[in-house]
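Encoded as structure tokens, the structure appears first; notes follow it.
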Amino acid sequence: MDALLVTTFLVPVVALLLGSGSGSAAPLPRAFFVFGDSLVDNGNNNYLMTTARADAPPYGIDFPTHMATGRFSNGLNIPDIISEHLGSQPALPYLSPDLRGAQLLVGANFASAGVGILNDTGIQFVNIIRIGQQLRNFQEYQQRLAAFVGEDAARQAVSDALVLITLGGNDFVNNYYLVPFSVRSRQFAIQDYVPYLISEYRKILTRLYELGARRVVVTGTGMIGCVPAELAMHSVDGECARDLTEAADLFNPQLVQMLSELNADIGADVFIAANTNRVSFDFMFNPQDYGFVTSKVACCGQGPYNGIGLCTPASNVCPNRDVYAYWDAFHPTERANRIIVGQFMHGSTDHISPMNISTILAMDNRN
């Protein structure tokens, strides 16, 4: 981010902390916290010895600095674009040494590429921040924030914050269907595996609530059977991979039901279900309506659909990322991310329920 922009943001933040001359305390700006996998990781894995990294070109080719940052994108990812709507700079990765002082007020991104709901998801990446550790990092963050602004202000900042969590896709792609006859596929039929995932996810979300989160956007899985990697490995005549499509079709409705039950138990709309599958369906099967020339071929990669292997300096790279829905074998382009976030912000209950993020922000501003 431009240094001038960071400075102009942080000066009023510090002024808010100091309050007016009368000694009254002004409210803190709304923080943003992010948990999950590579769809929302903005650089934590850069600090880890893991193969799940996006810290080399051509990643970041369209980022403001034109440098790879650890985001699995040609430019901005979903949390970055949500931050734009919040009028804030992106929250820093939790492992960044720059996350200190007034930067803590912006929030933090705890996500780590490769993780899933289950601890054994992504074991091939070895050193990643599993979701349990992400939640422990959130606890530690709150202690650091309290040391900076005081316990009451820190507690209020967490309660007022917007939270995004994205998990589930890797539990299929990098676990159940990673290899034929995987450990999990021998343990569970897919019809039993999905309820098991949902029950484990409920524990994670319950813990997030216990840690103070009160506005949590929970994304479902996108069309994981239709990403370029799966088309390259499992497609017949360009059709989406049937097993992964079935898995997503089982997972997403059960996730929505679980979130509804959690909200009923709490007595408030804490958890918001974001239907990523519906949004990606829209541009997957009607790409021209969104200005894409293709929603099947990745911009960066090699092999069929550019879906084999990693995006590297040796890969094919499309000249115009704005007309591709997918940047690499698994991850959307910045332009596709903007479409997804647009539906999260302003979409109908078909895309996000029980309300969109704009409605949340408007309601909270009135209270």
Check your understanding: Can R136 and E140 be counted as an ion pair, charged N to O under 4.0 angstrom?
Key -> no
Practice item. Give, for atom CG of L95 and atom CG of N44, the distance between the pair rounded to the nearest 0.5 Å. Key: 4.5 Å
Exercise for review: Compare every heavy atom of I82 with every heavy atom of V341, then report the nearest pair and how far apart it is.
Suggested key: CG1-CG1, 3.8 Å
Check your understanding: Between the side chain of R321 and the main-chain N/O of P319, is any donor-acceptor distance below 3.5 Å?
Key -> yes
Practice item. Classify the ring geometry between F285 and F281 as parallel (under 30°), tilted (30 to 60°) or perpendicular (over 60°). Key: tilted
Check your understanding: Do the side-chain N and O atoms of H331 and S73 include a donor-acceptor pair separated by under 3.5 angstrom?
Key -> no
Point to revise | Residue pairs, two or more places apart or on separate chains, that pass disulfide bond (SG atoms under 2.5 Å apart) and touch residues 82-170 | key: none
Check your understanding: Minimum heavy-atom separation for A298 to N306, with atom names?
Key -> O-ND2, 2.9 Å
Study note, to complete from the structure: The single option from D41, D80, D55, D62 that satisfies salt bridge (Lys or Arg N to Asp or Glu O under 4.0 Å) with R71 is D80
Review point. Is R202 paired with D265 through a side-chain N to carboxylate O contact shorter than 4.0 Å?
Key: yes
Exercise for review: Could you tell me whether F138 and Y94 have their ring centroids closer than 6.0 angstrom?
Suggested key: no
Practice item. Can you run down the ring pair (Phe, Tyr, Trp, His ring centres under 6.0 Å) pairs that involve residues 301-326, sequence neighbours left out, and say none if there aren't any? Key: none
**Study point:** L211 side chain reached by Q142 side chain, heavy atoms, under 4.5 Å
**Key:** yes
Review point. Can you find a heavy atom in the side chain of E230 that is under 4.5 Å from one in the side chain of I224?
Key: no
Exercise for review: Look at the side chain of K296 and the backbone N and O of L231, then say whether any donor-acceptor pair between them is shorter than 3.5 Å.
Suggested key: no
Review point. Are H85 and F344 close enough that some pair of their side-chain heavy atoms sits under 4.5 Å apart?
Key: no
Check your understanding: Is there a side-chain contact between I61 and N74 (heavy atoms, below 4.5 Å)?
Key -> yes
**Study point:** No-hydrogen, no-angle side-chain donor-acceptor test under 3.5 Å, N263 and S260
**Key:** no
Review point. Looking at CG of N277 and CG of D282, how far apart are the two atoms once the value is rounded to the nearest 0.5 Å?
Key: 10.0 Å
Check your understanding: Between R30 and D364, does at least one N-O distance fall below 4.0 Å, as a salt bridge requires?
Key -> yes
Check your understanding: Run the side chain to side chain contact (heavy atoms under 4.5 Å, CB included) check on I129 and F110 step by step: do they pass?
Key -> CA-CA 8 Å; I129 312 170; F110 301 93; over 6 Å; no
Exercise for review: Could you note down all residue pairs passing disulfide bond (SG atoms under 2.5 Å apart) where residues 310-362 supplies at least one of them, sequence neighbours left out?
Suggested key: C299-C318, C300-C311
Practice item. Name the orientation class of the two ring planes belonging to Y141 and F33 (parallel below 30°, tilted from 30 to 60°, perpendicular beyond 60°). Key: perpendicular
Review point. Is the centre of the F251 ring less than 6.0 Å from the centre of the F172 ring?
Key: yes
Review point. What's the verdict on side chain to side chain contact (heavy atoms under 4.5 Å, CB included) for I266 and F271, showing C-alpha distance, side-chain angles and the deciding distance?
Key: CA-CA 10 Å; I266 293 166; F271 297 101; 3.7 Å; yes
Practice item. Spell out, as yes or no, whether a donor-acceptor pair under 3.5 Å connects the side chain of N174 to the backbone of G122. Key: no
Point to revise | Rounded distance (nearest 0.5 Å) linking atom CD1 of I117 with atom CD1 of I198 | key: 6.0 Å
